[in-house]
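Take a look at the structure below.
The basis for the numbers below is simple: all heavy atoms, side chains too, and nothing from hydrogens, waters or symmetry mates.
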Amino acid sequence: MGGWYTEAEHAALAQVLAEMPSWTDQYTRRHQEEFEKAFAAYTGAGFAVSVNSGGVALDLAMTCLDAEPGAEVISCAINFPGTHLAVLGAGFRLVLAEPDPHTLNLDPDEIARRMTPRTTAVLVTHMNGQPADLVAIESETTSRAAALGIGPPRIVVDAARAAGATTPLGPVGSGGWLTMFSFHRKKLMTTLGEGGMLTTDCEATAHRIRQLRSFGLGQTLGSSHRMTEFQAAVGSVQLKRLDTMNDQRIALARERTRLLTGTPGLHTPGERAGYRHVYYLYNVLLDAALPAGTRDRLRDALREEHAIGTVIANPPTYRVHPLIAKATAGQWPLPVAEDVASRLLCPALHPLMSPEDNTRTAEALTTWLRTAGAA
């Protein structure tokens with residue numbers, strides 16, 4: 001996971017340091033403004049507002065919903081816990097939904113089952129770089145809202161793992177009401193280890209976020225959630241390199257899929273027409289017919305025999321975080337999410353991985369499943 005820095009990022013840092021005034025208060029945010037303008041143009045969004053982390057971006061998105069405590073937010077159970085903690089932290093009721101087992105994203109059909117008159121938002125995650133079907137999700141949301149006699153809930157998008165991905169609507173960041181991005185050190189692009197961005201076509205919402213991130217701008221409550229000039233300068237460089245970094249990642253992922261095709265008991269990630277999957281993680285699913293525990297045995301073998309790291313991204317959040325479990329008691333277990341999580345595995349992938357290491361990873365998976373996995 002993660003991007004990397006070049007001499008261009010080092011030069012950007014040196015430039016910001018040289019520009020820093022020593023004895024004046026005329027400190028500007030030129031690099032922040034330039035980064036935001038470039039990011040809005042890249043995603044096709046009307047506005048982009050930078051913040052100091054992806055987690056803060058999610059928190060601010062929930063605040064901007066302006067809903068009463070107890071309002072409901074629907075989100076896929078297969079997720080990073082921080083996504084759901086933002087919902088709970090805002091005082092909303094988290095409503096868990098099943099994933100599409102092929103994409104790990106929210107199943108659009110789940111919206112009709114989960115939406116009620118109290119639903120204020122649908123929180124959609126582009127899981128592991130695979131963009132969700134926002135067209136179908138927005139259609140189902142609008143249709144169900146009409147049947148319930150309410151206005152359509154807002155679509156909030158978690159694109160922490162999908163910078164540079166595209167959908168039939170355009171680049172990720174241009175669909176939905178509000179989209180958040182993370183620039184954590186593990187993400188597809190990074191701003192010195194932390195950082196985030198929110199994109200929207202709503203000018204009022206963009207202004208509200210700017211208030212919230214900067215002590216209310218003298219007009220309302222707020223705190224300090226600004227991105228530094230150093231982060232923004234590096235972000236501008238990383239954004240220019242994002243497509244190249246993603247292209248290298250995608251090429252490795254596609255070659256791995258080619259090498260793994262036909263491996264018994266293994267399902268590789270797919271790519272849908274009109275979508276650009278950026279493979280933040282390369283996730284495979286083991287066949288449901290394999291004995292229980294096969295995934296964990298495979299994971300151990302990859303680590304111990306081949307020094308190949310893996311992650312499980314992600315189990316249902318109620319299985320890994322006690323506060324989420326408590327807040328959603330009575331909603332689970334969710335059979336599709338639990339089944340997918342029991343068969344899910346993400347072997348290491350990075351744009352700088354050598355072709356030889358990528359081949360070695362695929363061969364280790366194939367060999368184990370053809371021998372020990374079949375036992």
Side-chain angles (χ1 to χ4, degrees), residues 1 73-88 94-111 113-114 122-133 137 158 160-162 186 253 256-257 260 263-270 277 279-303 308-349 361 365 368-369 373:
M1 296 183 289
V73 176
I74 299 171
S75 187
C76 184
I78 295 284
N79 235 308
F80 178 65
T83 303
H84 290 167
L85 291 174
V87 175
L88 300 179
L94 173 64
V95 177
L96 298 173
E98 294 277 28
D100 176 334
H102 303 291
T103 66
L104 308 186
N105 291 320
L106 173 67
D107 183 346
D109 292 339
E110 282 284 281
I111 292 171
R113 303 186 188 104
R114 311 293 177 179
V122 178
L123 178 51
V124 182
T125 300
H126 294 312
M127 200 64 183
N128 294 345
Q130 172 79 277
D133 188 349
I137 289 170
D158 180 344
R161 302 179 180 184
K186 293 182 179 180
R256 183 178 294 183
T257 294
L260 290 174
T263 299
L266 191 71
H267 302 273
T268 55
H277 186 345
Y279 292 98
Y280 169 74
L281 292 173
Y282 185 91
N283 48 258
V284 298
L285 285 178
L286 299 189
D287 196 275
L290 291 172
T294 298
R295 188 272 313 277
D296 294 334
R297 291 193 296 121
L298 170 58
R299 190 181 190 197
D300 291 342
L302 291 174
R303 181 185 66 253
I308 295 171
T310 62
V311 294
I312 300 169
N314 287 88
T317 57
Y318 60 83
R319 289 298 185 198
V320 296
H321 202 290
L323 291 180
I324 298 173
K326 181 178 180 180
T328 59
Q331 297 185 43
W332 46 270
L334 297 174
V336 177
E338 301 241 349
D339 172 65
V340 166
S342 71
R343 299 186 288 117
L344 174 63
L345 190 65
C346 306
L349 178 74
T361 298
L365 280 162
W368 193 89
L369 284 167

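A distance of 10.5 Å separates NE2 of His102 from CG of Leu104, quoted to the nearest 0.5 Å. We find the CG-CD1 distance between Asp100 and Ile78 to be 11.5 Å, quoted to the nearest 0.5 Å. Atom CZ of Arg256 is separated from atom OH of Tyr279 by 10.5 Å, given to the nearest 0.5 angstrom. If you take CG on Leu365 and CD1 on Ile308, they are separated by 6.5 Å, rounding to the nearest 0.5 Å. Residue Leu106 holds its CG atom at 8.0 Å from CD1 of Ile74, rounded to the nearest 0.5 Å. The CG atom of Asp339 sits 8.5 Å away from atom CG of Leu285, with the distance rounded to the nearest 0.5 Å.
Panel note: side chain Tyr318, backbone Leu334; a donor-acceptor pair is recorded below 3.5 Å. With Arg319 contributing its side chain and Ala341 its backbone, the two residues share no donor-acceptor pair below 3.5 Å. Proximity of a side-chain donor or acceptor of Asp107 to a complementary backbone N or O of Asp109 within less than 3.5 Å is detected. At least one donor-acceptor pair closer than 3.5 Å links the side chain of Gln331 to the backbone N or O of Leu94. With hydrogens and angles ignored, the 3.5 Å screen pairs a side-chain donor or acceptor of Ser75 with a backbone N or O of Leu123. Gln130 places no side-chain N or O within 3.5 Å of a backbone atom of Pro269 that could act as its donor or acceptor partner. Looking at Glu98, its side chain does come within 3.5 Å of a backbone N or O of Ala337 through a donor-acceptor pair. Under the 3.5 Å distance criterion, the side-chain polar atoms of His126 are left unmatched by any main-chain donor or acceptor of Ala162.
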Open item on the list: For a side-chain contact (heavy atoms from CB on, under 4.5 Å) check, start with the C-alpha distance between Leu286 and Leu266, then their side-chain angles and the critical distance, and finish with the verdict.
Closed with: CA-CA 5 Å; Leu286 299 189; Leu266 191 71; 3.5 Å; yes
- [ ] Could you please spell out the steps behind the side-chain hydrogen bond (donor to acceptor under 3.5 Å, both in side chains) verdict for Thr83 and Asp158?
- [x] CA-CA 8 Å; Thr83 303; Asp158 180 344; 2.7 Å; yes
Task: side-chain contact (heavy atoms from CB on, under 4.5 Å) assessment of Leu349 paired with Leu281 - done: CA-CA 7 Å; Leu349 178 74; Leu281 292 173; over 6 Å; no
Open item on the list: Phe80 vs Leu85, test: side-chain contact (heavy atoms from CB on, under 4.5 Å). Steps then yes/no.
Closed with: CA-CA 9 Å; Phe80 178 65; Leu85 291 174; over 6 Å; no
- [ ] Any chance you could lay out the side-chain contact (heavy atoms from CB on, under 4.5 Å) test for Arg295 and Ile312, step after step, and finish with the verdict?
- [x] CA-CA 10 Å; Arg295 188 272 313 277; Ile312 300 169; 3.5 Å; yes
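Taking the side chain as every heavy atom from C-beta outward, Cys346 and Thr310 never approach each other to under 4.5 Å. The shortest distance between side-chain heavy atoms of Met127 and Thr103 does not fall below 4.5 Å. In this structure, the side chains of Val284 and Leu344 stay at 4.5 Å or more apart for every pair of heavy atoms. Side-chain contact between Cys76 and Asn105: absent, with no pair of heavy atoms (C-beta onward) separated by less than 4.5 Å. Counting heavy atoms from C-beta outward, Leu302 and Arg299 have side chains that stay 4.5 Å or more apart. Here the side chains of Leu345 and Leu298 are in contact, with some heavy-atom distance below 4.5 Å. Side-chain atoms of Pro99 and Val336, non-hydrogen and from C-beta on, do get closer than 4.5 Å to each other.
Closest heavy-atom contact between Pro333 and Glu338: CB-OE2, 3.5 Å. Summarising the geometry of Pro264 relative to Leu369, their closest heavy-atom pair is O-CB, 3.8 Å, with the distance given to 0.1 Å. Of all heavy-atom pairs between Ile324 and Pro81, the closest is CD1-O, 3.8 Å.
Under the side chain to side chain contact (heavy atoms under 4.5 Å, CB included) rule, His84 has a single partner from Val73, Thr328, Asn79, Thr125, which is Asn79.
A donor-acceptor contact closer than 3.5 angstrom links the side chains of Asn283 and Asn128. A donor-acceptor contact closer than 3.5 angstrom links the side chains of Thr257 and Tyr282.
Salt bridge status for Asp300 with Arg303: present, with a side-chain N to carboxylate O gap under 4.0 Å.
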